[in-house]
Amino acid sequence: MLTILIVEDDITLNNGIMLSLRQKDVDIQQAYSIKQTKKILSEKSIDLIILDVNLPDGSGFELCKEIRQTSSIPIIFLTANDMEIDVVTGLELGGDDYITKPFSLMILRARVMAALRRWQSLNSGNRVVIDNMVFNFDTMEFTKNEENFVLSKTEQKLLRVFLANKGTVLSRTQLVDKIWTDGSEYVDENALTVAVSRLRNKIEDTPNSPKYIKTIYGMGYMWSGGGVNE
């Protein structure tokens, strides 16, 4: 399931974009202000943002700049500003694409899907090499310094989520939603803490001072290591 966030204060346009993108494997979230956007981002894991530049409570450019401090998810700017300097500014701030109004919903949809394909191709490797470790999710073989170690199903899910969101701060709620997807209504608050601790103990040289799985206090966790997909 992909989750797309539409940030546009024009309700009619927001709904039009939603209808053009809606399909069974896509969850659409809608926001009409920066405040609403930040609330959604703190509660849900988003795969792509369509971001209007001119919002009632601030600038989409500034919001993009803030998002880029913790996340590299695709951002497509949507605005009436078609001056070259605005396009350059949006891309330099980390935008992945820039569409000016008026526009074709079919073209917007095509660009959204293209951005998602690029993003998924960068995060879909089943064999990942990081420093002295190799994670092979196809064979469920994991090695560190050429020595095998075992990961539980929960630890594998957690590791995959981290690797697919390198450099992105994930809240505890987002991680729980992604890892425990069996429809359970309640997951013990300590379950995630225990899973993170066990994973750190297996991959970190110094678990108490982790290199890869960073705790971002007051926010959640972030994978800060590199990696090569093969």
Side-chain angles (χ1 to χ4, degrees), residues 2-3 38 41-49 63-75 92-96 115-116 118-181 187-230:
L2 293 171
T3 303
K38 290 182 177 180
L41 289 174
S42 70
E43 296 173 348
K44 293 185 173 291
S45 179
I46 303 298
D47 296 292
L48 180 141
I49 301 174
L63 179 58
C64 175
K65 186 177 180 181
E66 185 176 334
I67 291 171
R68 280 291 176 258
Q69 293 176 1
T70 58
S71 175
S72 56
I73 62 172
I75 296 176
E92 287 185 343
L93 286 173
D96 294 87
L116 285 170
R118 288 194 299 270
W119 176 247
Q120 289 174 320
S121 70
L122 293 173
N123 295 281
S124 62
N126 284 326
R127 187 175 188 275
V128 183
V129 180
I130 298 178
D131 298 333
N132 59 345
M133 297 181 290
V134 178
F135 307 134
N136 192 325
F137 293 97
D138 285 333
T139 62
M140 289 189 292
E141 294 178 321
F142 308 95
T143 64
K144 179 178 179 181
N145 295 322
E146 299 185 352
E147 294 185 3
N148 293 325
F149 62 92
V150 177
L151 292 179
S152 69
K153 290 291 181 63
T154 297
E155 290 161 1
Q156 289 182 42
K157 286 183 180 180
L158 181 60
L159 179 58
R160 293 199 76 152
V161 170
F162 278 134
L163 292 174
N165 294 275
K166 301 170 192 174
T168 299
V169 178
L170 298 169
S171 70
R172 294 179 63 87
T173 299
Q174 289 172 330
L175 286 168
V176 168
D177 287 344
K178 284 179 173 292
I179 295 165
W180 285 276
T181 56
V187 176
D188 189 291
E189 174 70 18
N190 292 322
L192 179 62
T193 302
V194 171
V196 170
S197 177
R198 288 178 176 171
L199 183 57
R200 277 175 171 162
N201 286 334
K202 293 177 181 180
I203 69 173
E204 299 280 4
D205 291 332
T206 310
N208 291 332
S209 180
K211 173 182 178 181
Y212 302 103
I213 304 173
K214 301 283 191 181
T215 298
I216 310 299
Y217 292 99
M219 298 179 69
Y221 299 98
M222 180 181 74
W223 182 273
S224 64
V228 178
N229 293 338
E230 297 186 346

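One-based numbering along the sequence shown.
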Open item on the list: Applying salt bridge (Lys or Arg N to Asp or Glu O under 4.0 Å) as the test, list every pair that has at least one member in residues 66-75; sequence neighbours left out.
Closed with: K38-E66, R68-D96
Could you pull out all donor-acceptor pairs under 3.5 Å where a side-chain atom in residues 213-222 meets a protein atom, sequence neighbours excluded?
{"residue": "K214", "atom": "NZ", "partner": "P210", "partner atom": "O", "Å": "3.0"}
{"residue": "T215", "atom": "OG1", "partner": "R200", "partner atom": "NH2", "Å": "2.7"}
{"residue": "Y221", "atom": "OH", "partner": "R172", "partner atom": "NH1", "Å": "3.3"}

- [ ] Look up atom CD in E155 and atom CD1 in I179, then write down how far apart they are to the nearest 0.5 Å.
- [x] 10.5 Å
TODO: For N201, check side-chain contact (heavy atoms from CB on, under 4.5 Å) against everything at least two apart and list the hits.
DONE: S197, P207
Open item on the list: Rounded to the nearest 0.5 Å, what separates atom CZ in R160 from atom CG in L151?
Closed with: 12.0 Å
Open item on the list: Nearest 0.5 Å, please: how far is OH in Y212 from CD1 in I130?
Closed with: 7.0 Å
Open item on the list: Show, in sequence, the C-alpha distance, side-chain angles and deciding distance for L63 and I49, and conclude whether the side-chain contact (heavy atoms from CB on, under 4.5 Å) test is met.
Closed with: CA-CA 11 Å; L63 179 58; I49 301 174; over 6 Å; no
Open item on the list: Using modelled atom types and a 3.5 Å cut-off, is there a donor and acceptor pairing between side-chain atoms of K157 and backbone atoms of K178?
Closed with: no
Open item on the list: Measuring from atom SG of C64 to atom CG of L93, what distance do you get when rounded to the nearest 0.5 angstrom?
Closed with: 5.5 Å
Open item on the list: Between L158 and R198, is there a side-chain heavy-atom distance shorter than 4.5 Å?
Closed with: no
- [ ] Heavy atoms only: give me the nearest P74-A115 pair and the separation to one decimal.
- [x] CG-O, 4.2 Å
Task: From I73 atom CD1 to I46 atom CD1, the distance as rounded to the nearest 0.5 Å - done: 7.0 Å
Task: K202 versus V150, closest heavy-atom pair with distance - done: NZ-O, 2.8 Å
Task: Working for side-chain contact (heavy atoms from CB on, under 4.5 Å), residues L116 and D47 - done: CA-CA 8 Å; L116 285 170; D47 296 292; 4.2 Å; yes
Task: Test side-chain contact (heavy atoms from CB on, under 4.5 Å) applied to T168 - qualifying residues, sequence neighbours left out - done: S71, S72, N165, L170
TODO: Determine yes or no for a side-chain-to-main-chain donor-acceptor pair under 3.5 angstrom, with E43 supplying the side chain and T173 the backbone.
DONE: no
- [ ] Would you kindly say whether K44 and T3 are connected by a side-chain donor-acceptor distance under 3.5 Å?
- [x] no
Open item on the list: Holding to side chain to side chain donor-acceptor pair (under 3.5 Å), I want the full list of residues that pass it with N145, two or more places apart in sequence or in another chain.
Closed with: N132
Open item on the list: Is it the case that the side chain of E141 and the backbone of N136 share a donor-acceptor pair, with hydrogens and angles ignored and the cut-off at 3.5 Å?
Closed with: no
Open item on the list: Run the side-chain contact (heavy atoms from CB on, under 4.5 Å) test on K144 and E204 for me, step by step, so that the C-alpha distance in whole Å, both residues' side-chain angles and the decisive distance to 0.1 Å come before the verdict.
Closed with: CA-CA 10 Å; K144 179 178 179 181; E204 299 280 4; 5.6 Å; no
- [ ] Quick one: pull up CG in L159 and OG1 in T154 and give me the separation to the nearest 0.5 Å.
- [x] 12.5 Å
TODO: Apply side-chain contact (heavy atoms from CB on, under 4.5 Å) to the pair W223 and V161, showing each step before the final yes or no.
DONE: CA-CA 9 Å; W223 182 273; V161 170; over 6 Å; no
Open item on the list: Checking F142 now: which residues fulfil ring pair (Phe, Tyr, Trp, His ring centres under 6.0 Å) with it, not counting sequence neighbours?
Closed with: F137
